[in-house]
Asks: 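One structure, pasted below without further comment.
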Amino acid sequence: MSLFGSTSGFGTGGTSMFGSTTADNHNPMKDIEVTSPPDDSISCLAFSPPTLPGNFLIAGSWANDDGSKVFTASCDKTAKMWDLNSNQAIQIAQHDAPVKTIHWIKAPNYSCVMTGSWDKTLKFWDTRSPTPMMTLQLPERCYCADVVHPMAAVATAERGLIVYQLENQPSEFRRIESPLKHQHRCVAIFKDKVNKPTGFALGSIEGRVAIHYINPPNP
């Protein structure tokens, strides 16, 4: 039986962490300043899912179910799950090199966490088990990734670019020649008019962005 047949449920909770703004000539766009920001460099940002009653912003990856869990990837070769209700963090993943990306996957027949590492592997984890459900080899170190079920896009060192399908269980769908000439920095999947993932935007360290369609729209 496939290990991808189990699911997990999370609780709810939370209040807004945003401060108020005042309308003046110094803030014509009415930007919101976050109270108590981190004291060190910020590597990534994510808003809480719409199921939460308030707005939250965190440097990490939110579980897409209800926002009660936050997943973090670290240079210490581990990934952790932070339960906001109990304020406890537990280790849920282990790699042989720093973990660069982490994403929550919610599929009809399974739920898991996907981690990408500089050890050239992509691993899928049931948060209740210390052993990965599946490990996929990458051609190079993982630099960035994005997940919008049923698609995952992973960009690696040496300008590698791989698209995975997540139906039933994760598997490689297509390898793509990078349209950019320099190291990949970020990737973001976008959807079509019927809310299905159809392609991705890819950014590089030179400041360029490429748009690539996996399923080209009808003219």
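No experiment lies behind these values; they were computed from the predicted model shown.
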Asks: How long is the span from the CG atom in L202 to the SG atom in C186, to the nearest 0.5 Å?
Replies: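 Going from the CG atom of L202 to the SG atom of C186 covers 7.0 Å.
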Asks: Taking all atoms of both residues into account, what is the closest heavy-atom pair of M114 and A145, and its distance?
Replies: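 Distance-wise, the nearest heavy atoms are CE-CB, 4.2 Å.
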Asks: What do the steps show when you test I90 against T127 for side-chain contact (heavy atoms from CB on, under 4.5 Å), and what is the final call?
Replies: CA-CA 9 Å; I90 61 172; T127 58; over 6 Å; no
Asks: Nearest heavy-atom pair of I205 and R185: which atoms, and what distance?
Replies: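 Shortest heavy-atom separation between I205 and R185 comes out as N-CB, 4.1 Å.
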Asks: Applying salt bridge (charged side-chain N to carboxylate O under 4.0 Å, His left out), name anything that partners R174, two or more places apart in sequence or on another chain.
Replies: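 Checked R174 against salt bridge (charged side-chain N to carboxylate O under 4.0 Å, His left out); zero matches.
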Asks: Do you know the tightest heavy-atom contact between C112 and M133?
Replies: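 Closest approach of C112 to M133: CB-SD, 3.7 Å.
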Asks: Should W104 and V99 be regarded as members of a common hydrophobic cluster, given that ILVMFWY residues are connected when their side-chain heavy atoms come within less than 4.5 Å of each other, either directly or indirectly?
Replies: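 No; V99 is not reachable from W104 via cluster members.
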Asks: Please give me the minimum heavy-atom distance between S117 and H95, naming the atom from each residue.
Replies: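 Scanning both residues, the minimum pair turns out to be CB-ND1, 3.1 Å.
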Asks: Can you tell me how far apart NE2 (H184) and SG (C142) are? Round to the nearest 0.5 Å.
Replies: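 Answer for the NE2-SG pair, H184 versus C142, is 12.0 Å.
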Asks: State the CD-CG distance between E158 and L161, to the nearest 0.5 angstrom.
Replies: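 E158 CD to L161 CG: 14.0 Å, rounded to 0.5 Å.
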Asks: Applying ring-ring contact (aromatic ring centres under 6.0 Å, His included), which residue pairs with at least one partner in residues 188-209 are found, sequence neighbours left out?
Replies: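 The answer is F190-Y213, F200-H212.
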Asks: According to a hydrophobic-cluster definition based on side-chain heavy atoms being under 4.5 Å apart (Ile, Leu, Val, Met, Phe, Trp, Tyr only), do L138 and L136 belong together?
Replies: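 Linked, L138 and L136 end up in one cluster.
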Asks: Minimum heavy-atom separation for I189 to P197, with atom names?
Replies: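 So the minimum-distance heavy-atom pair works out to CG2-CB, 3.7 Å.
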Asks: I'd like to know if the side chain of T121 reaches the main chain of K123, judged simply by a donor and an acceptor atom lying under 3.5 Å from each other, with no hydrogens or angles considered.
Replies: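 Not confirmed, T121 side chain does not pair with K123 backbone.
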Asks: Do F173 and P150 come close enough that some side-chain heavy atom pair is under 4.5 Å?
Replies: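 Not touching, per the 4.5 Å side-chain cut-off.
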Asks: What distance do R128 atom CZ and M81 atom CE have between them, rounded to the nearest 0.5 Å?
Replies: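 Output value for this atom pair is 10.0 Å.
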Asks: So, the side chain of T101 versus the backbone of G116: is there a donor-acceptor pair under 3.5 Å, distance only?
Replies: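 Yes; at least one donor-acceptor contact below 3.5 Å.
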Asks: Can you tell me how far the CD atom of Q183 sits from the OG atom of S178, to the nearest 0.5 Å?
Replies: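 Between Q183 CD and S178 OG, I get 11.0 Å after rounding to 0.5 Å.
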Asks: Rounded to the nearest 0.5 Å, what separation is found between the NZ atom of K181 and the CZ atom of R159?
Replies: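 These two atoms lie 9.0 Å from each other.
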Asks: With a 4.5 Å heavy-atom cut-off, do Y164 and V147 have their side chains touching?
Replies: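 They are not in side-chain contact.
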Asks: Within the structure provided, determine whether W82 and F71 are in side-chain contact (heavy-atom separation under 4.5 Å).
Replies: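 In short, these two side chains do not touch, never coming nearer than 4.5 Å.
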Asks: Closest heavy-atom contact between K77 and Q94?
Replies: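 Distance-wise, the nearest heavy atoms are O-NE2, 3.3 Å.
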Asks: Does E206 CD have over 12 foreign heavy atoms under 6.0 Å away?
Replies: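 Count over threshold, so yes.
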Asks: If Ile, Leu, Val, Met, Phe, Trp and Tyr residues are connected whenever their side-chain heavy atoms lie under 4.5 Å apart, and connections chain through other members, are L180 and Y143 in the same group?
Replies: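 Different hydrophobic clusters.
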Asks: Per the salt bridge (Lys or Arg N to Asp or Glu O under 4.0 Å) rule, what does the pair list look like for residues 78-104, sequence neighbours excluded?
Replies: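 Non-adjacent pairs meeting salt bridge (Lys or Arg N to Asp or Glu O under 4.0 Å): K69-D83, D76-K80.
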Asks: Less than 4.5 Å apart, side chain to side chain, heavy atoms only: is that true for I102 and T72?
Replies: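 With C-beta onward as the side chain, the pair stays apart.
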Asks: Do T115 and W125 meet the criterion of a side-chain donor-acceptor pair at a distance under 3.5 Å?
Replies: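 Yes.
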